[in-house]
Protein chains: 2
Amino acid sequence: MTTNSQIRQNFIQGMSGISQFWGFPKAMGAIFGALYLSATPLSLDELVENTGLTKGAISTNVRTLTRMGLIHPVTRMADRKDYYEAETDFYKSVQTILKGRQNNEFDRAINSVKETLASLEAGEGSFDKKERAFLIERLKALQDFFDAIDNVTRAISKLNSLGINTVQSVIKILK
Amino acid sequence: MTTNSQIRQNFIQGMSGISQFWGFPKAMGAIFGALYLSATPLSLDELVENTGLTKGAISTNVRTLTRMGLIHPVTRMADRKDYYEAETDFYKSVQTILKGRQNNEFDRAINSVKETLASLEAGEGSFDKKERAFLIERLKALQDFFDAIDNVTRAISKLNSLGINTVQSVIKILK
DNA sequence: TAGAATGTTTAGTATTTACTAAACGAATTA
DNA sequence: TAATTCGTTTAGTAAATACTAAACATTCTA
């Protein structure tokens with residue numbers, strides 16, 4: 001016989017795995033899983049109970065989940081506890097995540113390519129004509145690729161504001 | 001004054017960072033960077049020289065880079081050495097990477113959701129009618145989201161076979 | 001103001017990861 | 001077969017990561 005708690009635990013464990021697969025802490029997945037299966041917002045202590053993690057772990061992971069827009073804090077008047085609920089519009093979350101990633105590290109990374117390219121175009125180094133041309137060509141191609149990724153992420157960010165029908169039609173074009 | 005080797009090193013370091021940002025070993029980025037700046041395929045020993053890594057590290061990372069389709073082995077007749085060159089069609093690489101990811105872990109992850117959903121729909125557990133309906137609804141939404149991701153990755157995989165014009169036009173729709 | 005309830009931060013730890021160094025194996029040549 | 005040349009695998013290590021346990025800070029309540 002399968003108990004309610006077993007079903008919940010199984011799901012929570014599954015979400016841990018998914019979280020890990022995408023390079024996030026397992027705890028993040030577990031917390032999200034617990035919240036996602038709850039019809040009402042859960043407090044930090046309830047999350048401790050549901051996931052088996054400690055307060056500290058919950059506290060830090062809840063923060064990053066909130067930053068990612070995957071969960072939302074819910075404050076109740078005359079109740080000092082913080083409650084959290086899962087975002088159910090995943091596209092909205094994806095948008096938030098991409099936006100965050102973009103501004104932080106990604107630009108920095110792209111920049112290093114840009115710098116190298118600039119060095120070369122400024123005539124730095126002692127490459128002969130042919131080699132310099134080759135390197136510039138390659139770096140330009142790489143930068144184009146990064147720009148394309150940039151466009152795609154921007155596009156995905158837009159998906160949320162468009163109707164789901166637009167999304168479907170785009171997908172159809174690509175199929 | 002900026003030497004040739006400094007420019008190369010700067011770029012290789014930049015690629016290390018990008019690699020790390022995307023959750024891959026720094027060495028992978030460095031190796032790819034070295035190959036990408038070379039007009040001719042490089043041997044394992046030449047990679048050791050260019051990146052400062054050891055043979056072992058090169059050996060293992062070259063293998064995964066090859067699996068990802070980011071570089072290609074080049075064998076020369078009457079030469080026992082393995083050479084490698086960078087793939088310059090990044091869309092092709094993306095396609096390979098997505099294909100690989102999909103079949104391995106991602107499906108497994110999605111499956112855990114499917115299982116939980118099946119349990120619930122089979123009437124397992126002792127949830128009251130309302131709660132069961134709620135849980136089923138949420139899990140279905142999650143599965144829809146995963147399916148959508150699946151479609152997107154399939155679509156991106158297709159990008160390579162489509163002309164770049166199609167890609168541009170799709171992006172324009174979304175802008 | 002003392003005490004309780006709640007969330008955060010910190011210090012320490014266990015695990016994972018990515019690398020190095022070196023042994024190993026396989027294939028080629030002498 | 002011995003010696004050489006490659007690439008792979010393995011054992012060990014250093015560093016990063018994610019967690020626990022517990023101290024701490026803050027806010028509310030008695």
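Chain A is the first sequence line, chain B the second, and so forth, proteins listed ahead of strands; every chain is numbered from 1.
At whole-Å resolution of the value, CD in B/Glu46 and C1' in D/dC6 are 14 Å apart. Rounded to a whole Å, the CG atom of B/Asp79 is 14 Å from the C1' atom of C/dT29. Taking atom CZ of B/Arg76 as the reference point, atom P of D/dG7 lies 12 Å away to the nearest angstrom. Between the CG atom of A/Leu47 and the P atom of C/dT8 there is a distance of 12 Å, given to the nearest Å. At whole-Å resolution of the value, CG in B/Asp82 and P in C/dA26 are 16 Å apart. We find that NZ of B/Lys55 is positioned 6 Å from C1' of D/dC6, with the value rounded to whole Å. Residue B/Phe24 contributes atom CZ, which lies 21 Å from atom P of C/dT16 at whole-angstrom precision. One interatomic measurement links the two molecules: CD1 of A/Ile31 to P of D/dC19, which rounds to 8 Å at whole-angstrom precision.
Take the nearest nucleotide of DNA chain D for B/Asp45 and for A/Met28: the residue whose nucleotide is more 5' is B/Asp45. Remark on DNA chain C: of its neighbouring residues A/Ala57 and A/Lys81, the 5'-side contact belongs to A/Lys81, judged by nearest-heavy-atom nucleotide.
Put simply, the side chain of B/Ser43 gets close to the backbone of B/Glu46: a donor and an acceptor are under 3.5 Å apart.
Between B/Arg63 and D/dT9, a side-chain N or O to OP1/OP2 separation shorter than 4.0 Å is present.
Set against D/dC19, D/dG7, C/dG7, the side chain of A/Leu44 has C/dG7 as its closest nucleotide. Of the candidate nucleotides C/dT8, C/dA18, D/dT8, D/dT8 has the atom lying nearest to any side-chain atom of B/Ser59. For A/Thr54, counting side-chain heavy atoms from C-beta on, the closest listed nucleotide (C/dT20, C/dG7, D/dT20) is D/dT20. Nearest nucleotide to the side chain of A/Pro25, out of D/dG7, D/dT9, D/dA18: D/dA18. Nearest nucleotide to the B/Asn61 side chain, out of D/dT9, D/dT8, C/dC19: C/dC19.
One cannot find a donor-acceptor pair under 3.5 Å joining the base of C/dT28 and the side-chain atoms of B/Arg80.
Across all strands shown, B/Gly52 has heavy atoms under 4.0 Å from sugar-phosphate atoms exclusively, and none from any base. When heavy atoms are screened at a 4.0 angstrom cut-off, B/Ile58 is found touching no nucleic acid atom at all. B/Lys26 comes within 4.0 angstrom of sugar-phosphate atoms only, judged by non-hydrogen atoms across all strands, and of no base.
In summary, A/Glu85 and A/Arg76 do not engage in a salt bridge, as defined by a charged side-chain N under 4.0 Å from a carboxylate O. Between B/Glu124 and B/Arg132, no side-chain nitrogen of the basic residue sits less than 4.0 Å from a carboxylate oxygen of the acidic one, so the salt-bridge criterion is not met.
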>> Run the ring-ring contact (aromatic ring centres under 6.0 Å, His included) test on A/Phe134 and A/Phe127 for me, step by step, so that the C-alpha distance in whole Å, both residues' side-chain angles and the decisive distance to 0.1 Å come before the verdict.
In response: CA-CA 10 Å; A/Phe134 166 79; A/Phe127 301 98; over 10 Å; no

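Heavy-atom contacts from other residues, nucleotides or ligands closer than 6.0 Å to CD of B/Glu137 number 12 or fewer.
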